[in-house]
Student: 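Got a structure for you, written out below as structure tokens; questions coming shortly.
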Amino acid sequence: MAAPLPRLRFAPSPTGYLHVGGARTALFNWLYARKHGGQMLLRIEDTDKARSTDESTRAIFEGLTWLGLNWDETVVHQGANLERHRADANRMLENGTAYRCFCTQGELAQRRAAAEANKAAFKYDRRCDRLSELEIKLHVEHGKPFTVRFRVPNGTTSWDDLVHETIAFPNKDIEDFIVLRTDGTPIYNMAVVSDDIAMAITLVMRGDDHISNTPKQIMLYRALGAELPQFAHLPMIHGMDGKKLSKRHGATAVGDYQHLGILPSAMVNFLALLGWAPGNDIEIMTVQEMIELFDTKGLQKKAAIFDTKKLEWMNGQHLQLLPVDELVARVTPALVAVGLTTEADLASRRDWYLALLDLLKVRARTADDIVRQAAPYFLQSVEYDAEAVAKQWKDRSSTAIILRGVRDALAALPDWNSSAMEEALRALAEQLGFGDKAGRIFQPLRVALTGQSASPGIFDVLMILGRARSLARIEAAVALIEATP
RNA sequence: GGCGGUAUCGUCUAGGGGACUAGGACACGGCCCUCUCAAGGCUGGAACACGGGUUCGAAUCCCGUUACCGCUACCA
């Protein structure tokens, strides 16, 4: 007998952007579904009309799509299922697991305040459950508004959580909670359970802020005669100060990281490691590997702190692993956008472009870093960094001598290749009395070629710049130095 | 307040009674490589919240304390 394929869902409320915590919940649901060949559904919990916006629904789609977390079947909009939610609540009214409550919000608030004044825990006193048939009938006939309350049975409600072990709640601590408002709309737990049953969800994997909703939901499943799903409660994600991740902590939306130049593969890898470990000290993984390795056994119980430093490092790792085509696809638009080049230009000298990317990517943690370093290789003339000039061209006259020497040595080369250049320049260093300290001429040269005191290896720079541009830049540097006293 | 959850280096984690002088990664320091900057390699400092048990033996099991987090709405 084959076990039925698991069906999971990610159920965000569209009240903001896709938060990294939500993204991670989605990721774990997705990994589980993909690993076991099950389904991963998406449900937008838009029953709170006041706070839900189409814009955030779009942001959720975009965020998930960017991360590569695709979903099966069509998106379920909770708000569209209102009739079923109501019908399910009424079914409980009929089968006696729920009852009408005619207490008003004002009365309830008053009793709650009174209880608090006495330092007592407030719990609905079930007074409406003691109403006689006749009283109820009269109230209804008079059109008195009522909510539907679930009648919490005696006993204990427990389940075997996939992350925690057994979690148990004494039912006596749970009040007869409302499932349907006076206006006939469902309360969260009602809507969730009704939908999860309708969607045939077999594993509910969500944030552990829902642990205390779970016993209520389990009771609802039972009242509706539905089979229970499994539950897995994932730990929260906190900011560096240990508090729940919020706007104060800076970027918390996955879209923020997308715009920061983070790769989706790195984001997914990083998120996966927040609250899950495959064991064996494995850290850098492709999505495929994560799917293969994923196991609820490796899920953590403790909240994790979101450390952007590690994310950046991880992005650098993924950047090195990125296939050239994808790297090109990512960097090209950015280079074009900042006006350094055009697509046609890059296409016309693709080998050169790929060689450049190879040199720059090892020095970059994000695709944006590559763009930031790229200017000297595209622009006609260099912009000199003042600090680099002050440091490397400190002694003008000797710098002029060095650069003229470099120019002559390179110009004399029959062939523009790095080993010949290295041989010639090291010989020049020797000749100028620097011995094996060839850096004494490489550094001023680096500034002449790139304007910076840091760059890829000097011979790589000469090669990528080419003979004409290299010599022109050295010439320009010499002229500049000689023009200034 | 009540109920629930959690507790290993600053951070992410390995660990599921003896293999622990507690391992890896990020960050930080040092060294190597080296023309600079990265990358890479080596290396250093850095943790089992506390107190009781159970056991020949506990980071690992149990209880308590503390701290933190969540829920306690006709929010989701």
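Within every chain, numbering begins at 1; the chains are lettered A, B, ... in the order of the sequence lines, protein sequences first and strands thereafter. Every heavy atom of this structure was used, including side-chain atoms; hydrogens, water molecules and symmetry mates were not.
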Student: Side chain of A:Asp281 only, please: which of B:C35, B:G24, B:C74 is the nearest?
Tutor: B:G24
Student: Does either side chain, that of A:His233 or that of A:Thr214, offer a donor lying less than 3.5 Å from an acceptor on the other one?
Tutor: yes
Student: Nearest to the A:Pro170 side chain among B:A38, B:G5, B:G4, which nucleotide is it?
Tutor: B:G4
Student: Would you kindly give the CZ-to-P distance between A:Phe169 and B:U72, to the nearest whole Å?
Tutor: 11 Å
Student: Could you please name the partner base of B:C68, counting Watson-Crick and G-U wobble pairs only when both distances are under 3.5 Å?
Tutor: B:G5
Student: Identify whether NZ of Lys or CZ of Arg in A:Arg43 sits under 6.0 Å from the centre of the six-membered ring of A:Phe10 and within 45° of that ring's axis.
Tutor: no
Student: Tell me what A:Gly316 touches on the nucleic acid: a base, only sugar-phosphate, or nothing, going by heavy atoms under 4.0 Å.
Tutor: nothing
Student: Provide the distance between the two C1' atoms, one in B:U54 and one in B:C63, to the nearest whole Å.
Tutor: 11 Å
Student: Given B:U6, B:A14, B:G1, identify the nucleotide with an atom nearest to the side chain of A:Ala277.
Tutor: B:A14
Student: Mind checking if A:Asn213 touches a base, just sugar-phosphate, or nothing, with heavy atoms under 4.0 Å?
Tutor: base
Student: Quantified in whole Å, what is the C1' atom distance between nucleotide B:C26 and nucleotide B:C71?
Tutor: 33 Å
Student: Measuring only the P atom in each nucleotide, how far is B:A47 from B:G2? A whole number of Å is fine.
Tutor: 36 Å
Student: Could you list the donor-acceptor pairs under 3.5 angstrom formed by side chains in residues 266-277 of chain A, with sequence neighbours left out?
Tutor:
{"from": "A:Asn269", "atom 1": "OD1", "to": "A:Met285", "atom 2": "N", "distance (Å)": "2.9"}
{"from": "A:Asn269", "atom 1": "OD1", "to": "A:His318", "atom 2": "NE2", "distance (Å)": "2.8"}
{"from": "A:Asn269", "atom 1": "ND2", "to": "A:Glu283", "atom 2": "O", "distance (Å)": "2.9"}
{"from": "A:Trp276", "atom 1": "NE1", "to": "A:Asp295", "atom 2": "O", "distance (Å)": "3.2"}

Student: So what's B:G45 paired with, Watson-Crick or G-U wobble, going by both distances under 3.5 Å?
Tutor: none
Student: How is A:Ser453 classified with respect to the nucleic acid when contacts are heavy atoms under 4.0 Å: base, sugar-phosphate, or nothing?
Tutor: base
Student: Of the listed nucleotides (B:A7, B:U13, B:A39), which one gets closest to any side-chain atom of A:Arg365?
Tutor: B:A39
Student: For A:Met205, is there any backbone N or O sitting under 3.5 Å from a side-chain donor or acceptor partner on A:Asn29?
Tutor: yes
Student: What nucleic acid atoms does A:His164 come within less than 4.0 Å of, heavy atoms only: base, sugar-phosphate, or nothing?
Tutor: sugar-phosphate
Student: Sub-3.5 Å donor-acceptor pair from the side chain of A:Arg440 to the main-chain atoms of A:Gly433, do we have one?
Tutor: no
Student: Looking only at side chains, do A:Thr166 and A:Asp160 share a donor and an acceptor under 3.5 Å apart?
Tutor: yes
Student: The side chain of A:Asp173 is closest to which nucleotide in this list: B:G16, B:U6, B:G2?
Tutor: B:G2
Student: Side chain of A:Arg222, backbone of A:Ile218: donor and acceptor closer than 3.5 Å?
Tutor: no
Student: Which of the following nucleotides, B:C37, B:C12, B:A14, is nearest to the side chain of A:Gln300?
Tutor: B:A14
Student: Between B:G23, B:U11, B:G5, which one does the side chain of A:Ile167 approach most closely?
Tutor: B:G5
Student: Could you state the NZ-C1' distance from A:Lys123 to B:A73, rounded to the nearest angstrom?
Tutor: 17 Å
Student: Is a side-chain donor or acceptor of A:Ser56 paired with a backbone partner of A:Ser52 at a separation under 3.5 angstrom?
Tutor: no
Student: Atom OH of A:Tyr188 to atom P of B:C71: distance rounded to whole Å?
Tutor: 11 Å
Student: A:Gln105 has an atom CD; how far is it from atom P of B:A73, in whole Å?
Tutor: 12 Å
Student: Roughly how many Å apart are B:C28 and B:U11, using the P atom of each and rounding to a whole number?
Tutor: 16 Å
Student: Tell me every residue that passes side chain to side chain donor-acceptor pair (under 3.5 Å) with A:Arg330, counting only those two or more places apart in sequence or in another chain.
Tutor: none
Student: Who does B:C26 pair with, Watson-Crick or G-U, both distances under 3.5 Å?
Tutor: B:G10
Student: With no angle test and no hydrogens, is the base of B:C3 tied to the side chain of A:Ser212 by a donor-acceptor pair under 3.5 Å?
Tutor: no
Student: Taking pairing as Watson-Crick or G-U wobble with both contacts under 3.5 Å, can you name the mate of B:C61, or confirm there isn't one?
Tutor: B:G53
Student: Rounding to an integer number of angstrom, what distance separates B:G29 and B:A39 when you compare their P atoms?
Tutor: 13 Å
Student: Under 4.0 angstrom, heavy atoms only, what part of the nucleic acid is A:Ile211 near: base, sugar-phosphate, or nothing?
Tutor: sugar-phosphate
Student: Remember a base hit wins even if backbone is also touched, and classify A:Pro235 as base, sugar-phosphate or nothing at under 4.0 Å, heavy atoms.
Tutor: nothing
Student: Would you mind classifying the nucleic acid contact of A:Ala191 as base, sugar-phosphate or nothing, using non-hydrogen atoms under 4.0 angstrom?
Tutor: nothing
Student: Can you measure A:Leu462 atom CG to B:U36 atom C1' for me and round it to whole angstrom units?
Tutor: 14 Å
Student: With a 3.5 Å limit on both atom pairs, tell me what B:A39 is paired to, counting Watson-Crick and G-U wobble, or say none.
Tutor: none
Student: What's the gap between B:G18 and B:G57 when it is taken at their C1' atoms, as a whole Å value?
Tutor: 7 Å
Student: Picking from B:A39, B:C12, B:A27, which would you name as closest to the side chain of A:Glu283?
Tutor: B:C12
Student: B:U8 and B:C48: how far apart are their C1' atoms, nearest whole angstrom?
Tutor: 4 Å
Student: Which whole-number value in Å describes the distance from A:Asp208 CG to B:C3 C1'?
Tutor: 15 Å
Student: Aromatic rings A:Phe231 and A:Tyr221: how do their planes relate, parallel, tilted or perpendicular, breaks at 30° and 60°?
Tutor: perpendicular
Student: Go nucleotide by nucleotide along RNA chain B from the 5' end; which of A:Gly279 and A:Glu165 gets its closest nucleotide reached first?
Tutor: A:Glu165
Student: If each of A:Arg24 and A:Glu45 is mapped to the nucleotide of RNA chain B with the nearest heavy atom, which maps nearer the 5' terminus, i.e. the 5' end?
Tutor: A:Arg24
Student: Return yes if the base of B:A27 and the side-chain atoms of A:Lys310 contain a donor-acceptor N/O pair under 3.5 Å, otherwise no.
Tutor: no
Student: Grab the NZ-P distance between A:Lys302 and B:A47 for me, whole Å please.
Tutor: 15 Å
Student: Kindly state which residues belonging to residues 435-446 of chain A come within less than 4.0 angstrom of RNA chain B, counting heavy atoms of the residue only, listed by number.
Tutor: A:Gly439, A:Phe442, A:Gln443, A:Arg446
Student: Measure from the side-chain N and O atoms of A:His19 to the backbone N and O of A:Gly21, and report whether any donor-acceptor pair falls under 3.5 Å.
Tutor: yes
Student: Expressed as a whole number of Å, how far does the P atom of B:A19 sit from that of B:A58?
Tutor: 11 Å
Student: Can you tell me the distance, in whole Å, between the CZ atom of A:Arg112 and the P atom of B:U72?
Tutor: 10 Å
Student: How would you label the contact of A:Gln317 with the nucleic acid (heavy atoms, under 4.0 Å): base, sugar-phosphate, or nothing?
Tutor: sugar-phosphate
Student: Base, sugar-phosphate, or nothing: which does A:Thr47 touch, judged by heavy atoms less than 4.0 Å apart?
Tutor: sugar-phosphate
